[in-house]
Amino acid sequence: MIPERSSCGISETQDCAGKNEASCALRGEQLPARWPLDRRSFLLKAASLGMAGGACQILQPLRAMPGWAEPARENDARFIVEARFYRKLANKKIKCKLCPRECVVGDRERGYCGVRENRGGVYYSLVHSRVCAAHVDPVEKKPLFHYLPGSLAFSLATAGCNVNCKFCQNWDISQARPEQIPAEYIPPKRVAELAAQWKCPTIAYTYSEPVVFSEFLMDAADAGHEAGIRSVVISNGYIQEEALRAAYGKMDAVKIDLKAFSESYYQKVVVGELKPVLDTLVTLRKMGKWTEIVYLVVPTLNDSDAEFNGLARWVKGNLGIDVPLHFIQFHPDYLLKNLPITPVSTLERARRIAMAEGLHFVYIGNVPGHPAENTYCPQCKHLLVERAGFEIRQMLIRKDACPFCKRKIPGVWHA
Amino acid sequence: MEGFPAREKVEAMCKERTTSRREFLRNCVAGAVAINTAGQSTPSFPGRAVAPPARSRVSIARDPLLRGAPRRETGSSQGGNRVDPTRILVLLDQAVHGIINAGDPSGAWTKAVRPGQRVGLKVNTLGGRGLSTNVLLVEAICERLREAGIKASDIVIWDRDSEELERAGFRIRSGGNQVQCYGTDRVGYSDYLASFGSVGSRLSKILIERCDVLINVPVLKDHDGAGVTIALKNMYGVIHNPNKYHPDGCNPYIADVNALPELRCRLRLHICDATTACFEGGPGFKPQFAWRANTLIVSTDPVALDYSGWQMIERKRAAEGLKTLTAEGRAPNYIATAADARHRLGNNDPRRITVVETQVA
């Protein structure tokens, strides 16, 4: 089994992952199989594989592009749009207002993300429609467990990220400049067309860090909505409130990677800050956006009882007990190859602590077949959604409620 | 996943370079000489990642007439715009002579390079035509390299981006029996990740695949984030993700980048172009802060060179009535980090740096 990866460096379940999975699909390789046995699931899976195969063909040009060829500068102009969130300063400098880093960028320089450049005092995004990874994924892979279970998401990314997590499994796209990796021009309307073509009810912005391609995300979400297709974002949440409201306001669901519950971890391992991410979660709550939280448990770095306790208390106090919280297994990669895979017992400890605090929906990720992948009714404890990796084996929720005790189950369950 | 780990690659590379009998004997002799000369004023050229010498030498050579006689009509005390190609060659010889005394100008270069080696000249072209490594200086270096037995086609002038090279006045060229000149954008970055400390980066394939020896030719500049950008920071142009390493005054990132084994193995000499320098408002070119220092600073120790360059900038800032970089909260602390026990890239203690200042007659 190859661990799945996503933008946050999460090894979620069995599969090739994130950008790498996109590459995998583009190479025409089959996704590892773990088929459910019932007829309905079999048919669903067969359809999804067929679509993925089709996606391989449609995105073939990505694969065909040479890895490190001479850049086609004459074509770069189509990827460049003026950035939405910045202020002009004296001497042709600008201050970026997209993320809390607030890079002050001189003329002909780029911000920390590497995908936004100051040209003569005007700040530009270099990655609009510049898709470096695209794939048809189950929405469970994001992971979004309380959002249209069993559905597919047309998932895409551009280069760049506004942090530098030492465990990132997609570092080869997230830590690269756009001109350093092959990409395809896929404008917003084409994104929506492709999603519709592959029967995806949702577009997912994922793999790298969607904050840095906010302009593209907003336009693609608009194009999607015009075509009746929803949008979800998989993000680190390291974004300023104005940009958050403008960009993620267009989303139908959000998954936030809360990398740890300590500033020192954010400073040393993520090269970011915790506080703005917590603020983002609170703002999303106020905005009424369906939000799920992922916490990648890295052995010895963010796996203490105190941290799990603090996290659970904060979630309960600020977001409520019905927010899904996923504790995910770490796999060594990038600059953190010296640490082992997270023991399952650690993930179970984290879950115990969070549930003892009163949280209702606490999941364990990247451990296929673990019972904590399933959704249970917090009231009558019945199994409501049975999962195995990305597979939905049973989905019993009806009319957003438990069919046994009628308790409302929070989420977006039906299209 | 990525290719084989960086460390293995470097070890393999270094192994390759030490297998021949001649190389082995040469290294033994070099090692013995290095041990014996430690503490003396004439440095050896580092051919491997080794600890810095007990003392470092920095040569600062000036030529007030580098751009011709001062112009009375403009009131300029620094001559015209254009550097005199003959005088810059003399200035280069004098600067190099300041750190290594050889009988003739090309003699010094034979201590840094040897025929058959492929030599990279890592210039700095971020500042456009106004504040980039001077083309005539680079031509002078090429001339001396060729006299030292390096084939023209084995010399590559490079920086991150070909367009920036062109904007700085370099002519892009590759192939044929001529000095090569192009940016990493033409060949890309290594597939594997090189890492040291807080840094994990892909390295320019020009460095990895086309340079046995690297000569660093930076510009003396103020830097709004790092304090100054001289020899050490110029190595940001080697990695694929320099944007990730600007927080906290680039500290400890600059030191970490320079400690990457692939770089340390190849770096031989640093020739800092201060013919036109910048004492404020850097690293971009702002005419009001440009400073025709008509100077070259040469060393085999990038830390000592950066320390000396920093002091030059501070003196100029004082003369211009500006605050010190420390007072502005942007002292280049990365220089001390580069000298610490973890990095050992050179000396930043002025008591251990011999500065040789000369002026072209």
Side-chain angles (χ1 to χ4, degrees), chain A residues 2-3 5 16 20 23 66-73 76 90-93 101 103-118 120 159-166 168-169 171-172 174-177 179-182 212 267-269 271-272 332-338, chain B residues 1-3 5-7 125-128 131 160-164 167 172 174 182-202 204-206 209 222-225 236 239-248 253 256 280-286 288-289:
Chain A
I2 305 166
R5 290 165 239 181
C16 52
N20 297 311
S23 308
W68 300 105
E70 186 173 337
R73 288 180 188 280
D76 281 1
N91 291 321
K92 292 185 182 174
K93 287 189 175 182
R101 200 175 289 282
C103 294
V104 174
V105 184
D107 188 18
R108 306 202 66 81
E109 293 178 352
R110 291 191 194 177
Y112 185 86
C113 59
V115 302
R116 305 168 90 80
E117 185 170 289
N118 179 349
C161 183
N162 59 345
V163 295
N164 187 6
C165 301
K166 291 185 167 35
C168 185
Q169 290 186 313
W171 62 268
D172 47 352
S174 69
Q175 303 304 317
R177 292 175 169 228
E179 67 274 20
Q180 293 169 348
I181 51 176
V212 306
Q267 195 177 20
K268 290 174 189 164
V269 181
V271 194
D333 207 327
Y334 190 37
L335 301 174
L336 270 189
K337 289 183 177 169
N338 57 324
Chain B
M1 304 297 283
E2 68 196 58
R7 192 180 302 159
T125 54
L126 287 173
L131 196 60
R160 197 176 60 190
D161 189 85
S162 299
E163 256 188 25
E164 285 174 353
R167 260 202 310 272
I172 301 304
S174 63
Y182 48 86
T184 301
D185 58 310
R186 297 294 172 100
V187 293
Y189 293 86
S190 64
D191 295 330
Y192 69 94
L193 195 70
S195 64
F196 185 97
S198 55
V199 162
S201 297
R202 287 175 160 157
S204 168
K205 283 187 179 170
I206 300 177
E209 297 176 0
D222 169 86
H223 191 283
D224 56 5
Y236 269 29
I239 60 176
H240 86 294
N241 54 352
N243 47 297
K244 294 294 177 188
Y245 303 128
H246 280 82
D248 303 323
Y253 308 111
D256 288 347
E280 168 71 359
F285 175 56
K286 294 180 182 62
Q288 66 272 34
F289 301 126

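First the proteins, then the strands, lettered A, B, ... as listed; each starts at 1.
Defined by atom type and a distance below 3.5 Å, a donor-acceptor pair is missing between the side-chain atoms of B:N241 and B:Y189.
In this structure, chain B has no heavy atom under 4.5 Å from any part of A:V104. In this structure, the portion of A:C113 lying under 4.5 Å from any heavy atom of chain B is its backbone and not its side chain. Contacts of A:K93 with chain B are made by side-chain atoms alone, with heavy-atom separations under 4.5 Å and no backbone atom involved.
The candidate from A:D107, A:N164, A:V271, A:N162 with the greatest count of non-hydrogen atom pairs under 4.5 Å with chain B is A:N164. By number of non-hydrogen pairs under 4.5 angstrom with chain B, the leading residue of A:R110, A:R108, A:K268, A:K166 is A:R108.
Distance check: B:N243 CG to A:E117 CD gives 10.5 Å after rounding to the nearest 0.5 Å. Atoms OH and NZ, on A:Y112 and B:K244 in that order, are 4.5 Å from each other to the nearest 0.5 Å.
Between B:H246 and B:Y236, the ring planes lie perpendicular to each other; the angle is over 60°, past the 30° to 60° tilted range. Note on ring orientation: taking the six-membered ring where Trp is involved, the planes of B:H240 and A:W171 are perpendicular (angle over 60°, cut-offs 30° and 60°).
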